Amino acid sequence: MSNQAEVLNGQEYKEFEAREDSKTFRHTSSHILAQAVKHLFPEAKLAIGPAIDNGFYYDIDLNHRITDEDLRALEKEMKKIVKANIPLERFELPREEALKLAEEMKEPYKVELINDLPEDSTISFYKQGDFTDLCAGPHKGSTGAIKAIKLTSVAGAYWRGNEKNKMLQRIYGTSFPSQAMLDQYLNMLEEAKKRDHRRIGKEMDLFAIYEEGPGFPFFMPKGMIIRNELENFWRQEHRKRGYDEIKTPLILSEALWHTSGHWDHYQNNMYFTKIDDGDYAIKPMNCPGSMLAYKRKMYSYRDFPIRMGELGQVHRHELSGALHGLMRVRTFTQDDAHIFMLPEQIKDEIKGVIDFIDDVYNMFGFKYHVELSTRPEDSMGSEEDWNMATDALREAMEEKGMEYIVNEGDGAFYGPKIDFHLEDCLGRTWQCGTIQLDFQMPQRFDLTYVGTDGEKHRPVMIHRVIFGSIERFIGIITEHFAGKYPLWLAPVQVKILTVTEKYNDYAFKLQKQLEEAGLRVEVDARNEKIGYKIRESRNLRDSYRLIVGEQEEQAGTVTVASSKVGDLGVMTPEALIEKLLEEIRTKAC
């Protein structure tokens, strides 16, 4: 089995990631790193070193800038500590004694952490040989439990995440119970680098992000083909399911965001402006605009459910250090929908959205898992409404026979939600789809309808996305397919390559025939060697390559190769067109 096949199919390391003790394992690894740092750089001051997804890090204050050579030296020292199989021994001290010990160790960041604890706290430390660290634990019994370690990178990190504090050096690493698991994980990282959407986007000329607009992506002509095809698909599927499309403004009055609750719960992530001496906000979410669209007229109970879809551009302030290609940007388009319904329609509408999301993800070949996120501390509304909403989501999933994880306290501030985490070909998960049940905004905006009794009643609403963000979804599928998109999305569906310039006329005749059938076609008629043209077409990930030379012109055929499966032999243009149109019609992956 090839390395890539092992990466894409084996993934025993993922089983370890899912184990409850993996965080304990990685936390112990961070202490081994800290001990190695103190051995090689005794003057270093230690900050914090938690376990994180797929690894661990430790923040250190050190005037010397850590280099790749230093990482290799630290890794070598860590392996010595592991080999020594040093016990990790927990002990506790009263607050004052803990402070005294931290001061004696000349660890100012630990002193600050202890000072922030309650006065009557009993504080725990872990000792491993000549090294002691402030820590709540838990840890493995000894350093020998950590069988395979790799330090991966160094980055800057403000102390406690506050840009007003000192910039520290954050050393990242990962560890596993076996070298085989580590090798598998590192193979996955190498494959991920090859599939990085930023690299592929540049090579294929899909999108760009410039210094003049950090976090604000530019889409180039070929990137717009992918984007437009996704949006066209979105519109077609929504029309089938009874949605009406709306478009709401980018800028709305500040007062609206007070009404919606975003001012109290989200203003730090918003951009503001003044117009005619009035205060306005650039929308971070589409829902308040949908509230106004609903309020434009009075509805009867007979009108429900009302499904409004919107491909709405939003802006959110993200810290510059968090920006990452198309995955984390400051402006993006949400494939939003807001469904207004009667209380008795809640479960059926939720189940309908679940089926919709399932259809879309299955079409792309994505597996996924589901999480139910419950009421956060920073929420609005009554406990009764929250319980009713959470129960409705839970019951809908259970009636669908879905397995799900409960994610306590991670709901939106206005309601609980179901989050869909899709899994790409490398086993990485991405939170994309969400279904949020909301009793709060209909109340805050005083939405009503006329019921069977002739009186006004309050509708219930669902917030819902499937792609999540068009930009981010393009980033995900770019990495998932390594730029070799399903044919219906591919910017260049057919590239015709001439062996020499003598066959340009035949190539352009073929282009016209294929384009008239509805295909996206380019001709490479340059006076270059055919081998060079083929290599370039492969690098551009053109879906199908057609070679035309003397034999093809005389026979009226083409020699066909696919970016995914390789050579397909000689075909007539008519047979090729039939094959490609069927592949597009079925949206085959």
Side-chain angles (χ1 to χ4, degrees), residues 18 20 53 238 241-243 260-261 265-266 285-287 290-291 301 304-309 334-362 366-423 429-444 447 449 457-468:
E20 290 185 10
D53 289 345
H238 280 73
R241 293 167 173 84
Y243 287 78
S260 69
H265 299 270
Y266 210 75
M285 297 179 186
N286 297 304
C287 35
S290 292
M291 303 302 107
Y301 69 93
F304 291 93
I306 297 166
R307 305 184 185 107
M308 295 182 184
Q334 281 191 310
D335 63 314
D336 251 324
H338 296 95
I339 304 173
F340 303 90
M341 60 206 152
L342 307 175
E344 58 268 28
Q345 295 172 330
I346 291 174
K347 272 198 289 187
D348 284 343
E349 287 303 305
I350 293 170
K351 289 193 283 187
V353 174
I354 288 171
D355 288 340
F356 193 175
I357 293 174
D358 183 69
D359 288 346
V360 172
Y361 290 176
N362 283 337
F366 286 124
K367 295 186 291 184
Y368 63 86
H369 76 267
V370 177
E371 295 182 5
L372 172 63
S373 298
T374 61
R375 185 178 190 176
E377 290 184 12
D378 180 27
S379 64
M380 60 186 188
S382 69
E383 185 174 352
E384 180 183 0
D385 282 349
W386 273 88
N387 289 340
M388 189 186 309
T390 305
D391 288 344
L393 293 176
R394 183 182 287 110
E395 288 168 13
M397 286 191 290
E398 289 174 354
E399 288 183 17
K400 294 292 296 178
M402 299 176 71
E403 295 182 2
Y404 62 91
I405 299 167
V406 177
N407 194 359
E408 296 288 356
D410 200 41
F413 66 84
Y414 47 77
K417 58 179 180 169
I418 302 171
D419 287 329
F420 291 74
H421 297 258
L422 60 82
E423 182 179 318
T429 57
W430 307 90
Q431 196 273 305
C432 291
T434 188
I435 305 171
Q436 301 169 355
L437 189 56
D438 188 355
F439 289 86
Q440 310 307 321
M441 284 207 184
Q443 293 178 21
R444 294 178 77 92
L447 304 188
Y449 68 92
H457 298 270
R458 188 84 65 208
V460 181
M461 69 172 292
I462 287 172
H463 308 251
R464 184 241 70 190
V465 295
I466 298 177
F467 295 140

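Just so we're clear, the structure is a prediction, and the values are computed from it rather than from any experiment.
- Separating the NZ atom in K351 from the CD atom in E395 is a distance of 10.0 Å, to the nearest 0.5 Å.
- Legend: residues meeting side chain to side chain contact (heavy atoms under 4.5 Å, CB included) with S379, ordered by chain and number and at least two apart, are R375, P376, W386.
- Between the side chain of T434 and the main chain of I418, a donor-acceptor pair closer than 3.5 Å is present.
- Formation of a donor-acceptor pair under 3.5 Å by the D438 side chain with backbone atoms of I462 is not found in this model.
- The side chain to side chain contact (heavy atoms under 4.5 Å, CB included) test with E344 is passed by exactly one of I346, L342, D348: L342.
- With sequence neighbours left out, the side chain to side chain contact (heavy atoms under 4.5 Å, CB included) criterion links N362 to D358.
- A tilted orientation is assigned to the rings of Y243 and F356, their planes being inclined by 30° to 60°.
- Panel note: side chain Y361, backbone G433; a donor-acceptor pair is recorded below 3.5 Å.
- With rounding to the nearest 0.5 angstrom, the CD atom of E403 is 11.5 Å from the NE2 atom of H369.
- Distance check, rounded to the nearest 0.5 Å: SG of C287 to CE of M461 gives 6.5 Å.
- With rounding to the nearest 0.5 Å, the separation of CZ in R307 from CD in E349 is 4.0 Å.
- Checked by atom type and distance alone, the side chain of D335 pairs as donor or acceptor with a backbone atom of F467 at under 3.5 Å.
- Salt bridge annotation for R241-D355: absent, with no cationic side-chain nitrogen under 4.0 angstrom from a carboxylate oxygen.
- With values rounded to the nearest 0.5 angstrom, E423 atom CD is found 10.0 Å from F366 atom CZ.
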